[in-house]
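First the structure, in the form of structure tokens, and then the observations on it.
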Amino acid sequence: MLNLVLFGPPGAGKGTQSEKLIQKYNLVHLSTGDLLRSQIAAGTELGLRAKQLMDNGLLVPDEVVIGMIESKLQENQAAPGFIFDGFPRTVNQAIALDQLLDQHQTRITVMVALVVDSEELTRRLLLRGQTSGRPDDQNEELIRRRVKEYNDKTAPVADYYNQQEKYVAIDGIGSIEDIFQTICQKIEESVVR
């Protein structure tokens with residue numbers, strides 16, 4: 001089973017690359033944001049609990065998110081693998097994910113991090129803000145804060161996977177196809193290990 005963690009700050013190109021990876025490897029996309037929305041829409045017990053927390057301005061705790069991921073793993077037992085997008089964001093989440101995958105006799109194959117410098121990210125997000133209408137992509141100060149927050153909070157997760165020899169950094173600047181080919185090459189090398 002091929003299980004990928006796709007990492008990168010806002011504007012690094014995760015969405016574009018994850019679509020291509022899903023098609024090439026026939027992976028199930030696990031986006032925590034999508035999972036939360038679908039569980040809430042379906043009115044599941046976990047979804048109702050998450051909605052109640054979110055309605056009160058609180059973060060959804062790790063155990064609720066892990067529960068949602070577990071239900072997705074159960075639903076897709078025949079899948080050739082998963083791509084985790086937006087999760088894990090903390091070392092505690094990475095540990096919980098490893099424990100969950102162990103219960104399903106699988107593991108993370110590789111964590112691919114798209115690396116893009118802050119100036120390029122800011123430029124890309126401002127550009128995206130002009131076309132998408134997303135207010136969080138139109139304020140340069142807010143963009144810089146989001147990128148800094150990402151870098152501060154996720155660096156320990158990269159270290160966690162690096163200690164397991166599963167971390168791969170990919171230059172996120174270049175053509176979409178060149179970046180994709182580099183990611184695929186690193187995935188293939190990880191699978192052989």
Side-chain angles (χ1 to χ4, degrees), residues 1-39 59-77 79-116 121 146-147 149-173 176 179-193:
M1 186 175 274
L2 176 62
N3 295 312
L4 308 175
V5 174
L6 188 59
F7 236 51
K14 291 185 306 295
T16 302
Q17 294 300 332
S18 70
E19 284 176 25
K20 294 175 76 62
L21 291 165
I22 289 163
Q23 284 182 345
K24 178 174 173 90
Y25 295 105
N26 197 26
L27 301 173
V28 173
H29 186 229
L30 283 175
S31 157
T32 50
D34 292 348
L35 274 177
L36 283 167
R37 285 186 288 279
S38 70
Q39 294 278 328
L59 289 175
V60 178
D62 291 351
E63 65 268 11
V64 173
V65 177
I66 286 287
M68 291 179 181
I69 290 172
E70 180 165 28
S71 75
K72 202 72 170 169
L73 292 174
Q74 298 281 15
E75 289 170 25
N76 295 281
Q77 290 183 32
F82 295 86
I83 185 165
F84 295 90
D85 179 1
F87 191 87
R89 290 183 187 218
T90 66
V91 172
N92 284 343
Q93 289 177 351
I95 292 167
L97 181 59
D98 278 353
Q99 291 168 346
L100 175 63
L101 293 175
D102 275 349
Q103 292 169 17
H104 289 267
Q105 286 82 46
T106 189
R107 62 183 175 80
I108 293 298
T109 309
V110 64
M111 179 228 206
V112 176
L114 295 172
V115 179
V116 180
L121 290 170
R146 282 168 51 208
V147 170
E149 170 117 344
Y150 168 85
N151 289 330
D152 291 348
K153 290 202 170 150
T154 57
V157 180
D159 291 341
Y160 175 82
Y161 285 109
N162 198 30
Q163 288 169 12
Q164 296 181 22
E165 298 180 1
K166 294 179 181 176
Y167 173 80
V168 176
I170 307 278
D171 185 355
I173 298 178
I176 290 169
I179 294 166
F180 179 65
Q181 292 306 320
T182 303
I183 293 171
C184 292
Q185 178 189 343
K186 296 300 182 183
I187 289 170
E188 305 298 330
E189 289 170 7
S190 297
V191 169
V192 172
R193 258 192 280 156

Shortest non-hydrogen contact from [X] to [Y]?
{"X": "Ala158", "Y": "Met111", "value": "CA-CE, 3.9 Å"}
{"X": "Gln93", "Y": "Arg89", "value": "OE1-N, 2.6 Å"}
{"X": "Asp34", "Y": "Arg37", "value": "OD1-NH2, 2.8 Å"}
{"X": "Ala79", "Y": "Met1", "value": "O-CE, 3.3 Å"}
{"X": "Leu2", "Y": "Thr109", "value": "CA-OG1, 3.6 Å"}
{"X": "Val5", "Y": "Phe87", "value": "CG1-O, 4.0 Å"}

- prompt: Regarding Gln181 and Gln185, is there a side-chain donor-to-acceptor distance under 3.5 Å anywhere?
  reply: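 There is no such pair between these side chains.
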Rounded to the nearest 0.5 Å, what separation is found between the [atom1] atom of [X] and the [atom2] atom of [Y]?
{"X": "Asp171", "Y": "Leu114", "atom1": "CG", "atom2": "CG", "result": "9.5 Å"}
{"X": "Leu27", "Y": "Leu6", "atom1": "CG", "atom2": "CG", "result": "10.5 Å"}
{"X": "Tyr25", "Y": "Ile187", "atom1": "OH", "atom2": "CD1", "result": "4.5 Å"}
{"X": "His104", "Y": "Glu70", "atom1": "NE2", "atom2": "CD", "result": "4.5 Å"}
{"X": "Leu97", "Y": "Asp102", "atom1": "CG", "atom2": "CG", "result": "9.5 Å"}
{"X": "Asp85", "Y": "Leu21", "atom1": "CG", "atom2": "CG", "result": "10.5 Å"}

query: Can you tell me if Asn3 uses its side chain to pair, donor with acceptor, with the backbone of Gly81 under 3.5 Å?
result: no
- prompt: Sub-3.5 Å donor-acceptor pair from the side chain of Gln17 to the main-chain atoms of Lys14, do we have one?
  reply: no
Can you find a pair of side-chain heavy atoms, one from [X] and one from [Y], that are under 4.5 Å apart?
{"X": "Leu101", "Y": "Phe82", "result": "no"}
{"X": "Ile179", "Y": "Thr16", "result": "no"}
{"X": "Lys72", "Y": "Leu35", "result": "yes"}

field: Stepwise side-chain contact (heavy atoms from CB on, under 4.5 Å) test for Ile176 and Lys20
entry: CA-CA 10 Å; Ile176 290 169; Lys20 294 175 76 62; 3.9 Å; yes
- request: Assess whether atom NZ of Lys186 is packed by more than 12 heavy atoms of other residues, nucleotides or ligands within 6.0 Å.
  value: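 No, NZ of Lys186 has 12 or fewer neighbouring heavy atoms, counting only those of other groups under 6.0 Å.
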- prompt: Counting only heavy atoms not in Glu75, do more than 12 fall under 6.0 Å of its CD?
  reply: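 Yes.
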field: Residues Glu149, Arg146: salt bridge by 4.0 Å N-O rule
entry: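 The answer is no: the pair does not qualify as a salt bridge.
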message: So if I apply the side-chain contact (heavy atoms from CB on, under 4.5 Å) rule between Ile83 and each of Val112, Leu30, Leu4, which one comes out positive?
response: Leu4
- request: Tell me, please, which residues at least two apart from Ala113 pass side chain to side chain contact (heavy atoms under 4.5 Å, CB included).
  value: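 Phe7, Tyr167.
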